[in-house]
2 protein chains.
Amino acid sequence: MHRREPCRWRRRKEARPGEIIEAALDLFVTSGFNATRLEDVAKRAGISKGTLYLYFRSKEDLFRAVVQQIIIPEVEKAEQHAASFTGSQQELLTHMINNWWNVIGKTRLAGIPKLMVSEAANFPELARFYVKNVVSRARKIMTDAIQKGIEQGEFRTCDPNSASRLLIAPLVFAVIWEKSLAPFDSQTYDVEDYIRSHINFFFDGISAKGKD
Amino acid sequence: MHRREPCRWRRRKEARPGEIIEAALDLFVTSGFNATRLEDVAKRAGISKGTLYLYFRSKEDLFRAVVQQIIIPEVEKAEQHAASFTGSQQELLTHMINNWWNVIGKTRLAGIPKLMVSEAANFPELARFYVKNVVSRARKIMTDAIQKGIEQGEFRTCDPNSASRLLIAPLVFAVIWEKSLAPFDSQTYDVEDYIRSHINFFFDGISAKGKD
DNA sequence: ATTAAATAACTGACCGGTCAGTTATTTAAT
DNA sequence: ATTAAATAACTGACCGGTCAGTTATTTAAT
């Protein structure tokens, strides 16, 4: 009497790509692109390294797939939300900032901006893809909102391009900081307070009802 | 009659380390740590790879030497300037921001923050060194100034820790952006205007003479 | 002053380890 | 029996670090 050996593996053509992407995301954001071994990605996805190459042509290709599958859907949601929003521009922008923090900043996705910044020079094509399909689109939503706010007299006259960059910069920097040097800093800080202060300062500065 | 062959090389024990550090800085900030070959550093410094190891124990050691020799002197200058400054805190902080941009932001040193952020996880010891000897010290200057400004009634009450981070974040992010994704962005922007707007927004927000 | 012995700066060929990518073979599914 | 998903052993390029040997320079003897 012997127990039926379970299959050593199963054919799961449909499920593999998603599982590989998940595994790669986890390892890329914790170890970085270079330090991540495809052997380890495969192991985490429950396959062998060779199988990985049935679904992705190269390590870079896998990297692109991660960005494409994970980040772009979030950009699309943000665009749809902004398009159907009816409140003030300050409300819209505040919501976007807080939402960005909740969906990207405090999740494992926070590793993506750091990854893109670190690897841009090594993967020009991917960098271009990311700027075009993520950064530019996200920035457009904010720039448009600021432009509208100026036209409607909600904000004072200023360059919407600089302003939108100033609005997002402290957040992106915060996630980059958390994923890089923060672990080596003994002095901690309260990120929530940091973001709240930023929003206050920013809208104080851009608000139309001037103090002078 | 034949011309005297010039020496194939000269012994230059004193000059080598500085020249190697210069070469390494140039290559590290343009290609990144990993992509920089010690062979190329050596070539640029006008020596062989073996010679490099007479002066630096490892690639990481060379990296540390670069940070130590190039950045720390700037931190010291800033500390001295702040200690002897007599004007308002807003003037001091504005000067620091502009100075940071002139000395780091618009020079090749701009590559250092990006490099540290990208490589922190790979070189924990160096990351700790950098945070302790560069980041913390620079931040302390600004936090102290903001604290003083609050006490003297120049700024409104707020957390000086969050505020100092918010003051520097857009600048550090700007250099990281320039050295990573900006080359792949067709939409350019005016960094000087960006910084000017930032200073305006920030001091509008933190100023004591409230608008409400 | 000249020279030869000693020193130490410097070179460059080489090596071991790593890892992305390949391929011959096995195995599950039909 | 046939197919294609998956494996695992394999390759080869790459590169940080080493070290035996070379050469510029210094030192000491005459």
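Naming: A, B, ... by sequence-line order, numbering from 1 per chain. Keep in mind the model is a prediction, meaning the values are calculated, not measured.
Without hydrogens or angle criteria, A/T143 side chain to A/N161 main chain gives no donor-acceptor distance under 3.5 Å. Not a single donor-acceptor pair under 3.5 Å links the side chain of A/S164 to the backbone N or O of A/M142. A donor-acceptor pair under 3.5 Å is absent between the side-chain atoms of B/S180 and the main chain of A/S118, judged by distance alone. Of the possible donor and acceptor atoms, one in the side chain of A/T30 sits under 3.5 Å from a partner among the backbone N and O of A/L27.
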Show every donor-acceptor pair shorter than 3.5 Å between a side-chain atom in residues 106-117 of chain B and any protein atom, with sequence neighbours excluded, or say none if there are none.
from	atom 1	to	atom 2	distance (Å)
B/K106	NZ	B/N102	OD1	3.2
B/T107	OG1	B/V103	O	2.8
B/T107	OG1	B/I104	O	3.2
B/T107	OG1	B/L109	N	3.1
B/R108	NH1	B/E22	OE1	3.0
B/R108	NH1	B/D26	OD1	2.7
B/R108	NH2	B/E22	OE1	2.8
B/R108	NH2	B/E22	OE2	3.2

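Contact of the B/S197 side chain with the B/D193 side chain is registered, since non-hydrogen atoms from C-beta on lie closer than 4.5 Å. Annotation: side chain of A/W9 is not in contact with side chain of A/T51 (no heavy-atom distance under 4.5 Å). Taking 4.5 Å as the limit, every side-chain heavy atom of A/Y194 sits out of range of all side-chain heavy atoms of B/D159.
A salt bridge links A/E19 with A/R12: at least one charged nitrogen is closer than 4.0 Å to a carboxylate oxygen. Between B/D144 and B/K140 there is a salt bridge, since at least one side-chain N of the basic residue sits less than 4.0 Å from a carboxylate O of the acidic one. A salt bridge between B/R139 and A/D185 is present, with a side-chain N of the basic residue lying under 4.0 Å from a carboxylate O of the acidic one.
In secondary-structure terms, DNA chain D builds stems of at least 3 consecutive Watson-Crick or G-U pairs, each pair having both distances under 3.5 Å, at C:1-30 with D:1-30.
A side-chain hydrogen bond (donor to acceptor under 3.5 Å, both in side chains) check over residues 60-81 of chain A, counting only residues at least two apart or in different chains, returns the pairs A/E74-A/K77, A/E79-A/R137.
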Scan nucleotides 2-6 of chain D against the protein and return all N/O pairs shorter than 3.5 Å with their distances rounded to 0.1 Å.
from	atom 1	to	atom 2	distance (Å)
D/dA4	O4'	A/R11	NH2	2.9
D/dA5	O4'	A/R11	NE	3.1
D/dA6	OP1	A/R10	O	2.9
D/dA6	OP1	A/R12	N	2.6
D/dA6	OP1	A/R16	NE	2.9
D/dA6	OP1	A/R16	NH2	3.0
D/dA6	OP2	A/Y55	OH	2.5

Distances under 3.5 Å only, N/O to N/O: pair up the protein atoms with those of nucleotides 14-18 of chain D.
from	atom 1	to	atom 2	distance (Å)
D/dC15	OP1	B/R37	NE	2.6
D/dC15	OP1	B/R37	NH2	2.9
D/dC15	O5'	B/R37	NE	3.4
D/dG16	OP1	B/R37	NH1	2.9
D/dG16	OP1	B/K59	NZ	3.3
D/dG16	OP2	B/L38	N	3.3
D/dG16	N7	B/K49	NZ	3.0
D/dG17	OP2	B/Y53	OH	2.8
D/dG17	OP2	B/K59	N	3.0
D/dG17	O5'	B/Y53	OH	3.3
D/dG17	N7	B/K49	NZ	3.0
D/dG17	O6	B/K49	NZ	2.7

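Within residues 19-28 of chain B, no residue has any heavy atom closer than 4.0 Å to DNA chain D.
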